[in-house]
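Computed from a prediction, not measured in an experiment: that's the story for all the values here.
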There are 2 protein chains.
Amino acid sequence: MARWEPDARGRLMLAALALYTERGYEQTTVADIAQRAGVTERTFFRHFADKREVLFDGSGMLQDTVVAAIAAYKEAPPLDVVGAAMERAAVAMQDRRDFARQRAAIIAATPSLHERELLKLATLGTAAAAALRDRGVPPVAAALAAELGVAVFKVAFEQWITCQLDFPACIRATLDELSALHSPSPAPRP
Amino acid sequence: MARWEPDARGRLMLAALALYTERGYEQTTVADIAQRAGVTERTFFRHFADKREVLFDGSGMLQDTVVAAIAAYKEAPPLDVVGAAMERAAVAMQDRRDFARQRAAIIAATPSLHERELLKLATLGTAAAAALRDRGVPPVAAALAAELGVAVFKVAFEQWITCQLDFPACIRATLDELSALHSPSPAPRP
DNA sequence: GTCTATAGGGCGATAGAC
DNA sequence: GTCTATCGCCCTATAGAC
């Protein structure tokens with residue numbers, strides 16, 4: 001028998017998700033989470049910088065996916081590149097809709113977690129802008145296109161967890177809405 | 001002589017701005033701020049919900065300006081409405097560029113403050129979306145247009161504090177960049 | 001793993017304005 | 001009398017230091 005149960009990190013994440021749902025984020029102490037995971041409080045802080053971070057473990061991977069997709073995409077206008085990258089990220093998240101929904105419910109109920117989520121998305125935007133610049137997109141256009149990409153992601157994510165469509169389809173629908181916003185007249189005469 | 005000096009709130013804001021600049025946000029305690037303002041620590045927390053909030057006193061007014069501008073603007077496509085509202089907000093901030101720059105420097109140096117700034121902008125976006133819906137814009141288009149408005153505001157703000165242009169001009173320039181992103185070919189044959 | 005400083009909330013007391 | 005701003009002290013949990 002091992003000296004410690006394996007995967008303390010995974011148990012801490014599950015315990016936090018469950019407790020935040022059961023009794024709310026603020027009513028849950030780090031000691032509670034550690035106890036349910038069968039480790040000490042100190043161990044929690046070895047794995048996660050703070051009490052919020054335990055819910056954001058996948059955000060680094062999401063960012064890597066987006067950045068890689070931007071770098072790899074064929075020659076195209078900046079907006080098409082970020083659109084395709086966001087769809088790619090959506091594909092990677094598709095099979096975790098129940099988790100995403102539970103997590104989103106906790107975050108929506110907790111301003112402090114909402115803040116952290118926004119920081120992660122902003123960091124993703126900054127990384128996306130850098131990846132666009134690496135493709136030769138001028139700085140301001142890159143910053144703007146990256147922000148639009150994140151905006152599309154946010155709106156599409158909201159759709160995804162509240163309706164039946166799958167995530168990539170929500171991204172495509174939101175990208176269509178974005179185009180429509182820029183040509184208010186349904187069909188400019190050809 | 002009054003029992004207390006008036007405007008404890010204003011003194012707390014000034015003291016916080018000065019101390020955060022002098023020695024950094026994390027190296028400043030609430031006790032330090034309270035002491036410089038001549039009140040107790042407890043009084044600080046009666047005026048501001050937390051140590052960050054003291055830097056975001058104006059954000060409610062900014063939001064009111066944007067929402068009012070959206071409600072009052074003439075019949076026009078959603079993107080034009082938010083664009084005009086952001087320009088209106090920029091006009092209102094124009095005369096506080098030095099303050100904005102000092103504040104931005106503190107925020108840029110402090111992830112925790114960056115988080116709070118993003119939350120305020122997200123809240124502004126939500127309010128702008130609601131104001132667009134009140135004008136009859138469909139929900140998804142409203143959410144997307146509001147996000148675009150905030151994106152333009154962020155990019156333009158960055159321009160404003162790093163270059164010589166005035167804020168409304170930065171907004172207009174960024175709105176032009178936004179249009180350009182959607183029509184990559186310089187001039188589609190008429 | 002233990003120790004400590006700080007954030008931030010709860011509660012009652014005080015003193016001025018009205 | 002009421003209302004409101006401030007104070008002071010006690011408390012817990014976070015998060016960093018040792």
Query raised in the report: Within less than 4.0 Å of OP1 or OP2 of D:dT6, is there a side-chain N or O belonging to B:H47?
Result: yes
*Among side-chain atoms of A:Q102 and A:T21, is any donor-acceptor pair under 3.5 angstrom?*
yes
Value for CG (B:L113) from CG (B:L118), rounded to nearest 0.5 Å, stands at 11.0 Å
Practice item. Nearest 0.5 Å please: distance from the CD1 atom of B:I70 over to the CZ atom of B:R135. Key: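 If I round to the nearest 0.5 Å, the distance is 8.5 Å.
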Electrostatic pair A:E117-A:R103, nearest N-O below 4.0 angstrom: yes
- Task: Run the salt-bridge test on B:E53 and B:K120 with the 4.0 Å N-O cut-off and return the result as yes or no.
- Result: yes
Between CD of B:Q27 and P of C:dA7 the distance, given in whole Å, is 12 Å
| request: Quickly work out the B:F48 CZ to C:dA7 C1' distance and round it to whole Å. | output: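 Checked: the CZ to C1' distance equals 16 Å.
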### Query
Among the clusters formed by ILVMFWY side chains lying less than 4.5 Å apart, do B:F99 and B:F48 turn up in the same one?
yes
Under a 4.0 Å heavy-atom cutoff, the residues of residues 9-17 of chain A touching DNA chain D are none
Exceeds 12 heavy-atom contacts within 6.0 angstrom, atom CD of A:E75
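No, because the 6.0 Å sphere around CD of A:E75 holds 12 heavy atoms or fewer from other groups.
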message = Is it the case that atom CD in B:E22 sees more than 12 heavy atoms from other parts of the structure closer than 6.0 Å?
response = yes
Per-nt protein contacts along nucleotides 7-18 of chain D (heavy atom under 4.0 Å; B base, S backbone sugar-phosphate only, - none) come out as BBB---SBB-B-
